[in-house]
Amino acid sequence: MGSADAPAVGGKAAALGELIHAGIPVPPGFVVLAETFGQVMAVVDPAGALVRAVAGVAAGDVSAITQAASRLRERITALPLPGDVVAQITTAYESLAPPGGAAAPTPVAVRSSATMEDSATASFAGLQDTYLAVRGPAAVLDAVRRCWASMYNDESVAYRRRMALPEDGLAMGVVIQRMIRPRAAGVMFTRSPVTGDRSVVAIEGTWGLGSALVSGEVNPDGFTVSKVTGEITGRRVGAKLRMHSFGPNEPGISSSAMPAGLRGRPCLTDDEARALAAIGRRVEGHYGVPQDIEWALLGARPGDDLALLHGEPADRIRLLQSRPETVWAAHERPPVATPKPRASDHVLTWLEKPL
């Protein structure tokens, strides 16, 4: 699956499929196709009047955006899903249960994947919804509806109006993946986000789930790795005061105080930082442009003795998302080469075989 498949599955799902094609491990999951969003919108707004109202508001008219967008969100979240859609999502969700897993419902991440997002010229990061540690078919179906509705979040509509993007033809896939329990997680950029230097990989991370970093609750650890030599040329240990995690039976994510012994301790070893940078280089090479990547590191629990880990660091890395870096790219000419289309039929439903 490649960029040519974004109209069918959305940008986030297309990027995950591209990673799988490149041999990069991602958590197992499936995609609710953007076509289903279109079917829902045909019922919610059959004449297109509500969407036209959104398209007609001025970018700076916050009140008008709120009014027009809220009407669509309310209708989408209140709409009963067709029986065949319920059955297909439920069956696919139940298939994500790990072999020999506990009787408790499998926790999953439910993530919006809009057809316009994660391009080289526009970034919708954080503007549409993601729900973590969702458990049970009913909760998953509700989260899918809320992801669809988030296409019309006030911030998302305002961004599209500022960018003069059309509302006609917008659609959204929804990615549903089994949650993993990382020892550490975070983001990396295959160029410096500060200077734009393309000879380094910049990594930020924290103990536990990366949502603590994305939400701004922690001052993360930082590593700068040379693409040329693999040497770690910069490091920073952040004051990681909070940790995100999820329990075995409770829905959602909990935020708790970071154990005192972990606050000033790096969440990555040097070998792990170098392994992340190497994977970042592979992903950048596959796409042909610098990337903004979310990662997670499996293995021991936060704070466990790392000597107990087996295998290579690269084998414990999972990527959760990759999208083109847009800040520095906006200052440059578009790349001469663009990603080639990839066959997608084999991942339109399944992202990866279960771990």
Side-chain angles (χ1 to χ4, degrees), residues 1-26 111-128 159-160 162-165 173 175 186-205 210 214 222-230 233-234 273-296 314 317-344 347 351:
M1 182 190 298
S3 58
D5 300 296
V9 297
K12 188 179 283 93
L16 287 167
E18 193 78 45
L19 292 175
I20 293 168
H21 185 89
I24 307 294
V26 305
R111 313 178 76 188
S112 60
S113 179
T115 53
M116 272 191 174
E117 72 181 30
D118 295 348
S119 72
T121 57
S123 174
F124 286 79
L127 298 183
Q128 278 109 213
Y159 179 77
R160 294 198 297 272
R162 287 197 303 272
M163 298 290 289
L165 298 173
V175 177
V187 298
M188 66 174 158
F189 301 88
T190 62
R191 73 187 306 169
S192 169
V194 177
T195 67
D197 182 1
R198 292 191 61 172
S199 71
V200 299
V201 176
I203 301 168
E204 293 189 337
V214 173
F223 298 82
T224 303
V225 184
S226 168
K227 292 180 181 177
V228 179
T229 65
T233 60
R274 284 189 285 264
L276 276 167
I279 287 182
R281 289 185 62 192
R282 282 178 59 192
V283 176
E284 178 183 272
H286 185 75
Y287 280 105
V289 293
Q291 296 289 297
D292 170 357
I293 298 168
E294 295 181 16
W295 56 268
I317 294 171
R318 298 291 182 271
L319 297 193
L320 309 179
Q321 181 169 307
S322 186
R323 55 185 170 236
E325 183 277 335
T326 58
V327 175
W328 286 98
H331 302 294
E332 300 174 346
R333 293 182 179 180
V336 175
T338 56
K340 297 179 180 179
R342 304 288 183 180
S344 60
V347 285
L351 289 177

Under 3.5 Å: donor-acceptor pair, side chain of [X], backbone of [Y]:
X: Tyr287; Y: Glu18; value: no
X: Ser113; Y: Val9; value: yes
X: Arg282; Y: Ala22; value: yes
X: Arg318; Y: Pro25; value: no
X: Trp295; Y: Val187; value: yes
X: Thr224; Y: Thr233; value: no

Might you point out which heavy atoms bring [X] and [Y] nearest each other, and give the distance in Å?
X: Thr229; Y: Ser226; result: N-OG, 3.2 Å
X: Val289; Y: Pro324; result: CG2-CB, 4.4 Å
X: Lys227; Y: Thr190; result: NZ-O, 2.6 Å
X: Gly230; Y: Arg274; result: O-CD, 3.1 Å
X: Pro7; Y: Thr115; result: O-CG2, 3.7 Å
X: Leu276; Y: Met188; result: O-CE, 3.2 Å

Qualifying residue, where the test is side-chain contact (heavy atoms from CB on, under 4.5 Å) with Ser322 and the options are Glu284, Gln291, Glu294 | Gln291
What distance do [X] atom [atom1] and [Y] atom [atom2] have between them, rounded to the nearest 0.5 Å?
X: Leu16; Y: Arg111; atom1: CG; atom2: CZ; result: 7.0 Å
X: Ile279; Y: Ile317; atom1: CD1; atom2: CD1; result: 4.0 Å
X: Met116; Y: Arg160; atom1: CE; atom2: CZ; result: 8.0 Å
X: Glu204; Y: Phe189; atom1: CD; atom2: CZ; result: 6.5 Å
X: His286; Y: His21; atom1: NE2; atom2: NE2; result: 6.0 Å

Using a distance-only test with no angle check, is there a side-chain donor-acceptor pair under 3.5 angstrom linking Gln128 and Ser112?
->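 No, because no side-chain N or O of Gln128 sits under 3.5 Å from a partner of the opposite role on Ser112.
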